Amino acid sequence: MSELEKKPMRVRFAPSPTGALHIGGARTALYNWLCARGSGGAMVLRIEDTDRERSSEATIAQILDALRWLELDWDGDPVSQFARRDRHQAAIERLLEQGKAYYDSATAEQVKAWRAVNRGAGYRGRETTADGAAIRLRVPDSGTTVVDDRIRGEVRFENRLLDDLVIARADGTALYNFAVAVDDAEMEVSDVVRGEDHLSNTPKQLLVFAALGIEPPRYAHIPLLHGPDGKKLSKRHGAASVQELRRSGYLPEAVRNYLALLGWGADDDETLLSTDELLRRFSIDRVGRSSAIFDEKKLRWINGRYMRESELAAYEARLAAHLEEGDRAAAATFAAADPAHRRAALAIVQDKAQVLSEVWKLIAFLFGEPVRDDAAWKKVMVADGEVAVAHTLSALSALGESDFTAARIEPVLRALAEREQIKLKNLLQPIRVAVSGGLVSPGLFESLEVLGREISLSRLDAARSSAP
RNA sequence: GGCCCCGUGGUGUAGCGGUUAGCACGCUGGCCUUUCACGCCGGUAGCGCGAGUUCGAUUCUCGUCGGGGCUACCA
């Protein structure tokens, strides 16, 4: 289906502010966003905060922050469901007047007992004028409520098995299944895209729409996400929240790509899909029906691809932001360095890291005194290691400031290894340890160039005298 | 327990009655190589099970088993 043939979808992402935005929630947000932006429609945000006990401003801010980081924008200001309570109550009044809803003071135990007596049939209450009664919606005793789901097809629920659901608490405030229906209608939502955990709530909402005489939106229930152990995804599964993904050094575009693939696949099975391609090709109708397991290994691989392919300037900005959030000292050191030096350092490390959090430890030695890895020194700075360093020091001293480039350094060191009859590896590892402090670094010749003649030589000199 | 959803290698998926069941990650053998990575080449492994429909089922139907969700005066 081409872009022009898509009908604009007006969707909503409706998180409840009871915790950080989960990977599952992020995927729901992404699918909604792809539906909206890919169809020329709109995505609105509604914070489901009617449960005052469990909602907090801090959590709302955290969720919005996560969405911004993911670069999933929305239309208009976020709507507070709680702030719409007057609208909910007005709708409840209408239903009460029409006899479609009634006061009932049954307790949970009484409802349970009623169901036991009536062989599992949906609870039907008795109207009361007593104080402290909740308001229930009258559900038909016969017929079937059909959810016409874009992903699952027609899902049928027998009305007689559905309870007369409570739509308002004794204090008059509306409950979730009622508020959602009223809000989706009044916010003119055309398509509800949400997790499968809401599938069995849908007939209840459909009943509310019917009572209100309003045409319901279309529904698409996407499968849930599970952890590596097959259980429902939770904080126990590592980087389960967007915040953790961010801290781990993933790129938002990579996360979008990965999440899009978790439950959806293009007909040609492409793996690397830019957001533009996602926008063009994503179709809610092609989302799968079975739950998926979050696999960080694949996310890492995808992220590595994006890391390697990103522009140096963007790479630099991303790293700077990442350091700023996790390692202020490193961020300050990095920011204080010469711009050209920063770029040079990033250029030689770019294809080695899969996540941002791996970058700094690979290039920190280019921005200050290296952290000495004693095990590494002990391993390579043996007798001939020291000799190697000494030879290198004199060989490289011969190169002038302007000749201290990878292109000039490499032949010098290769010739040195040959002359001294030592394997290149046995010459280079001691040098690597001497200048970087450890056994792992970007390419040595490039590293020396970026470090510069003066510092390189002084570290070699220091290594020669401080070897264990 | 009741209602509902789901079931292709370890993971994510393609498939839409006839395919040597494709792709990607992972794992693994090798190559490359100054370390670690990257990259390249090769390999490993799958239609949960049982009936039925059909000339023929991974594809359709039923059952079964397994996994999951909901079952609040939470969202």
Side-chain angles (χ1 to χ4, degrees), chain A residues 14-18 48-51 53-55 81 104-108 111-112 115-116 119-122 132-136 147 149 151-152 155-158 161-163 165-177 179-180 195-204 221 223-224 226 228 230-232 258 261-272 288-302 304-305 308 349-354 358 362 376 380 410 413-414 417 423-429 431-433 436 438-445 447:
Chain A
S16 63
T18 53
E48 315 253 281
D49 54 358
T50 52
D51 183 345
E53 298 295 301
R54 305 197 305 160
S55 301
Q81 187 161 56
D104 177 68
S105 53
T107 61
V111 170
K112 213 168 155 189
R115 273 197 294 246
R119 308 193 331 273
I135 301 171
R136 287 182 186 270
V147 177
D149 196 273
I151 294 172
R152 281 151 221 287
V155 183
R156 326 181 80 86
F157 296 85
E158 284 189 60
L161 263 18
L162 263 17
D163 288 335
L165 60 142
V166 176
I167 56 177
R169 302 179 175 86
D171 66 6
T173 57
L175 252 38
Y176 175 73
N177 283 123
V180 165
E196 193 196 344
D197 48 341
H198 287 286
L199 186 54
S200 31
N201 281 148
T202 309
K204 302 174 189 173
H221 289 92
L224 265 21
H226 293 258
K231 297 270 169 26
K232 188 179 178 183
Y258 174 71
L261 256 27
L262 212 51
W264 170 83
D267 47 9
D268 60 1
D269 236 357
E270 284 295 322
T271 300
L272 262 11
R289 291 157 300 280
S290 55
S291 56
I293 291 174
F294 174 66
D295 175 19
E296 196 169 343
K297 290 241 180 64
K298 189 161 187 172
L299 206 210
R300 279 183 69 85
W301 177 80
I302 289 178
R305 294 291 299 250
R308 268 171 270 139
V349 76
Q350 188 170 15
D351 63 357
K352 303 178 73 68
Q354 288 193 295
E358 295 173 341
L362 282 169
V380 303
E410 178 164 359
L413 294 183
R414 282 186 186 282
K423 290 170 88 170
L424 191 60
K425 176 180 177 177
N426 293 333
L427 169 66
L428 266 30
Q429 279 302 74
I431 301 175
R432 190 187 310 282
V433 169
S436 79
L439 292 168
V440 178
S441 81
L444 222 215
F445 311 126
S447 292

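Worth saying up front: this structure is predicted, and the values here are computed from it rather than measured.
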Peer 1: Could you give the distance separating G48(B) and C6(B) at their C1' atoms, to the nearest angstrom?
Peer 2: 13 Å
Peer 1: Base contacts versus sugar-phosphate-only contacts with protein, heavy atoms under 4.0 Å: please encode nucleotides 69-75 of chain B as B, S and - from 5' to 3'.
Peer 2: BS-SBBB
Peer 1: Got a sec, which residues hit salt bridge (charged side-chain N to carboxylate O under 4.0 Å, His left out) with Asp149(A), two or more places apart in sequence or on another chain?
Peer 2: none
Peer 1: I need the NZ-P distance between Lys112(A) and G1(B), as an integer number of Å.
Peer 2: 15 Å
Peer 1: Check whether any side-chain N or O of Arg152(A) sits under 3.5 Å from a backbone N or O of His221(A) as a donor-acceptor pair, and report yes or no.
Peer 2: yes
Peer 1: Between U13(B) and G26(B), how far apart are the C1' atoms? Round to whole Å, please.
Peer 2: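 Those two atoms are separated by 14 Å.
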Peer 1: Could you tell me how far G63(B) sits from A72(B) if I compare only their P atoms? Round to whole Å.
Peer 2: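 Comparing P positions in A72(B) and G63(B) gives a spacing of 27 Å.
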Peer 1: Test of understanding: with salt bridge (charged side-chain N to carboxylate O under 4.0 Å, His left out), list the residues that count as partners of Asp268(A), not counting sequence neighbours.
Peer 2: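 By the salt bridge (charged side-chain N to carboxylate O under 4.0 Å, His left out) rule, Asp268(A) matches Arg281(A).
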Peer 1: Test of understanding: with side chain to side chain contact (heavy atoms under 4.5 Å, CB included), list the residues that count as partners of Gln350(A), not counting sequence neighbours.
Peer 2: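 Testing Gln350(A) for side chain to side chain contact (heavy atoms under 4.5 Å, CB included), a comparison that skips the adjacent residues, returns Ser310(A), Leu312(A), Tyr315(A).
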Peer 1: What integer distance in Å separates Glu270(A):CD from G15(B):P?
Peer 2: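 Rounded to the whole Å, the gap is 14 Å.
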Peer 1: Who pairs with Leu444(A) by side chain to side chain contact (heavy atoms under 4.5 Å, CB included), at least two apart in sequence or on another chain?
Peer 2: Leu428(A), Ile431(A), Arg432(A), Val435(A), Leu448(A)
Peer 1: Compare every heavy atom of Asp51(A) with every heavy atom of Arg169(A), then report the nearest pair and how far apart it is.
Peer 2: NH2-CA, 4.4 Å
Peer 1: Starting from P on G12(B), measure out to CG on Leu262(A) and report it in whole angstrom.
Peer 2: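 Distance check: Leu262(A) CG to G12(B) P gives 8 Å.
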Peer 1: Tell me the interatomic distance from Ile151(A), atom CD1, to C4(B), atom C1', rounded to whole angstroms.
Peer 2: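 Rounded to the whole Å, the gap is 15 Å.
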Peer 1: Given the P atoms of C65(B) and A51(B), what is the spacing between them in whole Å?
Peer 2: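 Approximately 16 Å lies between the P atom of C65(B) and that of A51(B).
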Peer 1: Sequence neighbours left out, what passes salt bridge (charged side-chain N to carboxylate O under 4.0 Å, His left out) with Arg414(A)? Give chain and number order.
Peer 2: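 Counting only residues at least two positions away or on another chain, Arg414(A) forms a salt bridge (charged side-chain N to carboxylate O under 4.0 Å, His left out) with Glu410(A).
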Peer 1: Find the distance Leu161(A):CG to G1(B):P and express it as a whole number of Å.
Peer 2: 16 Å
Peer 1: Tell me every residue that passes ring-ring contact (aromatic ring centres under 6.0 Å, His included) with Phe445(A), counting only those two or more places apart in sequence or in another chain.
Peer 2: none
Peer 1: Could you give the distance separating U44(B) and C23(B) at their P atoms, to the nearest angstrom?
Peer 2: 12 Å
Peer 1: List the residues meeting side chain to side chain contact (heavy atoms under 4.5 Å, CB included) with Val166(A), not counting sequence neighbours, and say none if there are none.
Peer 2: Ala134(A), Arg136(A), Leu175(A)
Peer 1: How does RNA chain B look in dot-bracket form if you count Watson-Crick and G-U pairs under 3.5 Å, write [ ] for pairs that cross, and put | where a base pairs with another strand?
Peer 2: ((((((((.[[[[.)..(...]]]].(((((.......)))))....[[[[[..)....]]]]])))))))....
Peer 1: Describe the nucleic acid contact of Arg300(A) in one word from base, sugar-phosphate, nothing, applying a heavy-atom distance below 4.0 Å.
Peer 2: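 Arg300(A): no heavy atom of the nucleic acid under 4.0 Å.
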Peer 1: Taking atom C1' in both U58(B) and G1(B), what distance in whole Å separates the two?
Peer 2: 34 Å
Peer 1: To the nearest angstrom, how far is Leu165(A) atom CG from C3(B) atom C1'?
Peer 2: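 So the two atoms are 15 Å apart, to the nearest Å.
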Peer 1: Salt bridge check: are Asp295(A) and Lys298(A) linked by an N-O gap of less than 4.0 Å?
Peer 2: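 No, no charged N to carboxylate O under 4.0 Å.
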Peer 1: Which value, in whole Å, describes the distance between the C1' atoms of nucleotides U11(B) and C47(B)?
Peer 2: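 The same atom, C1', in both gives a distance of 16 Å.
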Peer 1: Can you list everything that forms a salt bridge (charged side-chain N to carboxylate O under 4.0 Å, His left out) with Arg308(A)? Sequence neighbours excluded, please.
Peer 2: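 With neighbours one apart ignored, the set is empty.
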Peer 1: Would you mind reading off the distance between Leu272(A) atom CG and G12(B) atom P, rounded to a whole angstrom?
Peer 2: 19 Å
Peer 1: Taking atom P in both A45(B) and G9(B), compute the distance separating them and give it to the nearest angstrom.
Peer 2: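 Approximately 14 Å lies between the P atom of A45(B) and that of G9(B).
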Peer 1: At under 4.0 Å between heavy atoms, which parts of nucleotides 25-43 of chain B does protein reach? Answer with one letter per nucleotide, 5' to 3': B base, S sugar-phosphate only, - none.
Peer 2: SS-------BBBSSS----
Peer 1: Please name all residues satisfying side chain to side chain contact (heavy atoms under 4.5 Å, CB included) with Arg156(A), sequence neighbours left out, ordered by chain then number.
Peer 2: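 Thr144(A), Val146(A), Glu154(A).
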